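One structure below.
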Amino acid sequence: MRVWERWQPVRPMPGWRSIRGRVAVVITVPICLLLAVAGLAVNGRAEALGDARTTRAEVGLSLRVQALVHQLQRERGLTNGLLGGEKEFRTPLTATRTRVDTALRSMRGESAVEGVVRKRLGRLAGIRAAADRGSADRAATLTFYTTAVDALNAVDPVARTATRADGRLSDGLAALRELAAAKESVALERGLLNGVFAEGAFHGREYLTFTEVRATRVAALARFRQLATAPQRAALKKAFATEDAQRATAYERRAEDAADGSALRADAGTWWTAMTVLVDDLYAVQQSVGDAVRDRADRLSHDAETDLAAYLVAGALMAALVAGLAAFASRSLTRPLRALAEAAHDVARHRLPATVARIQQSPQDQAELLPPADDAPDTPDAQRLGGTAEIAAVAASLHQVEHTALHLAAQQAGLRRNTTESLANLGRRNQNLVRRQLGLITRLERQELDPDALAELFELDHLATRMRRNAENLLVLAGQNPPRPTAAPADGLEVVQSAVAEVEQYPRVLIAAVEPVRVRGHAVADVAHLLAELIENGLTFSPPAEPVEVHGWYDTEDDTYCFAVVDHGVGMSEADKERAHARFSGSGEEALLAAPTRFLGHLVVGRLAHRLGEGTQVHLFDTAGGGVSALLALPGRLLAPAESPSAAPPPARPAVSSLLNGFRAGIARAEARTTQGASS
């Protein structure tokens, strides 16, 4: 009967011809461009928002730093005047120190500023104490305060802020930096001349420092006027137009005339008052500029937030549009492909496996089960599947794949059948020849009286017995029936002796302890054959001088009889043991064709265990001290009743208790690995 089912074309999906054009033109290029533009716009607005918020925070911190600088500048001037001899500065100096300490406490938590405070102002208490005692050097004290002020200005966030994209914000930050430099020059000049006026003359490099400070102030104010707005320039002009500023200018001219070190007749208190007013006015201008920069940053932040929200809304709408277009295009594209995929899945999961199975299991000629080569869907049906030549080509290719797979399956089935038949034929021929050879050797043994010749005949008999086992291996691998059926039950020791007689190095086998048991007749040959394979494997992978032990005991807990083959050889890795267990449990022809030839003994053991039926288990586990132990467990249904009905199975001996524990632990690990593999 033909097992081929005709190809069933799937219903068409109209409009396929225009899908590629719609996807390529309407969706791909425009949407990619829109998404790229939207991403750039959102990224730009996000950066602008981050810059504005950062600038606002930095300006706030800068104003707090400048408040500390302002108080330090005042303390510097008062301290320099006190060291110059003006005792009336002690009272305002005490109040100024309190304000400096308060400003320092407000800097806690600002890591960058705290580091400078610890490094530059760590000796502040000692400097103050020396100034109060009058033992401090005036120039060194002035340098200490100036270095601290310079360090604070250096870590001022505004001084380190990079130029922003907004021009007004960039100019405001730059103007704030220049005004801070100008104010420091004015404050430094106040403190320097305060000490000079108190002492009555310049000493050392004080006049040179005075001229450098004035030059720095002039340059900084010039740069500020270029960057500042008109209101800010007006505020600066107003600060220098006050009476106190004019009075301070007059005092500066007096100081300029004393370049030769001549005596200065100037009231230090008046100078201090006038310059303090000017410094305070400059500080007020500095605060107004900082407030303006912060307001500008607030406006930019608000604008950036609004723009970012607008771009995000637009991006969300665009994403929704993209999703809608993609869904539309996907449905237009996937409907015909889904139909084709369903047909392919039906072929791969149902029709092709079922047909291949029938081909492999059918005894008739494989060519009769194959579909004809021209049994393919015609062009109109294939076009109805999707509406284009591409879909039709895919459908035709799928049909060709199915047809080719069936041909390959038929060829593989024939190859497997021929291989199996060849193995069985060779096995039967060898078995018949060996049986005749064993009969002839037996007759010769009965007639021979010479002990030496008889020993050689026994050796020849042993070789023939091994040849018979090899022939039976071919029959086992070919899936044939047991070659040596036995009707009568046999004792467990007899089964072990029969297995030992079929191995080459039988003198090395030590039958340690085999407890009495009766094996049913139909299982005797297979059990002996299986034990022979395990013993042969142990002898092969053990040192020539090491014996291989055979144990047997009845396990009352599981109602099984266990044979243990123990060697002390090279052992096996966990991975090799897992692969061996897989071969023990496999019974299909695929394992025979896929396994390397050196593992055919494992396949024979697996086939024999499978033929003995459910409950028969073969496990490998490590031998104490090195080597591998193989456990064969026979279920109770393969055991015949004892000859004496009153005799009960003896308990397991202490000598084999460790083997029994290892056997149970090995089974538990194997079951755990099986459960883990099933869950994964």
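Just so you know, these numbers use all the heavy atoms, side chains as well, and skip hydrogens, waters and symmetry mates. Source: prediction; values computed, not measured.
Partners of E549 according to the side chain to side chain donor-acceptor pair (under 3.5 Å) rule, which considers only residues two or more places apart in sequence or in another chain, are H551. Listed by chain and number, the residues in a side chain to side chain contact (heavy atoms under 4.5 Å, CB included) with A640 are P489, R518, R520 (sequence neighbours excluded). Taking V496 as the reference, V500, I511, V514, L531, V550, F563 meet the side chain to side chain contact (heavy atoms under 4.5 Å, CB included) condition, with sequence neighbours excluded. In this structure P635 satisfies the side chain to side chain contact (heavy atoms under 4.5 Å, CB included) test together with T616, R637, L638, sequence neighbours excluded. Contacts of D576 classified as salt bridge (Lys or Arg N to Asp or Glu O under 4.0 Å), with partners at least two apart in sequence or in another chain: R579.
Scanning both residues, L620 and A580, for their nearest heavy atoms gives CD1-CB, 3.8 Å. Listed here is the closest heavy atom pair of P547 and L510: CB-CB, 4.5 Å. Here the closest heavy-atom approach between residue D491 and residue P516 is recorded as OD1-CA, 4.4 Å. Nearest heavy-atom pair, V524 versus A488, reported as atom, atom and distance to 0.1 Å: CG2-O, 4.4 Å.
Looking only at side-chain heavy atoms (C-beta outward), L493 and Q497 come within less than 4.5 Å of each other. Annotation: side chain of D559 is in contact with side chain of Y554 (closest heavy-atom distance under 4.5 Å). In this structure the side chain of V628 reaches within 4.5 angstrom of the side chain of D567, judged on heavy atoms. Within the 4.5 Å cutoff, side-chain heavy atoms of H529 are placed close to those of V604.
Once rounded to the nearest 0.5 Å, the distance linking CG of L530 with CD1 of I535 reads 10.0 Å. Here the CZ-CD distance, from F584 to Q617, works out to 12.5 Å after rounding to the nearest 0.5 Å. Distance check, rounded to the nearest 0.5 Å: CD of E533 to CD of E502 gives 9.0 Å. Taken to the nearest 0.5 Å, the CG atom of D555 stands 10.0 Å off from the CG atom of L631. Considering CZ of F621 and CE of M572, their distance stands at 13.5 Å, rounded to 0.5 Å.
Judged purely by atom type and a 3.5 angstrom limit, H581 uses its side chain to pair as donor or acceptor with the backbone of K577. No donor-acceptor pair closer than 3.5 Å links the side chain of D558 to the backbone N or O of T560. At distances below 3.5 Å, not a single donor-acceptor pair connects side-chain atoms of R508 with backbone N or O atoms of A545. The backbone N or O of S629 lies less than 3.5 Å from a partner atom in the side chain of T623, making a donor-acceptor pair. No side-chain donor-acceptor contact under 3.5 Å links S498 to the backbone of E494. Remark: side-chain polar atoms of Y561 are paired, donor with acceptor, to backbone N or O of E515 under 3.5 angstrom.
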Could you walk me through whether L632 and V527 pass side chain to side chain contact (heavy atoms under 4.5 Å, CB included), step by step? CA-CA 9 Å; L632 168 63; V527 173; 4.3 Å; yes
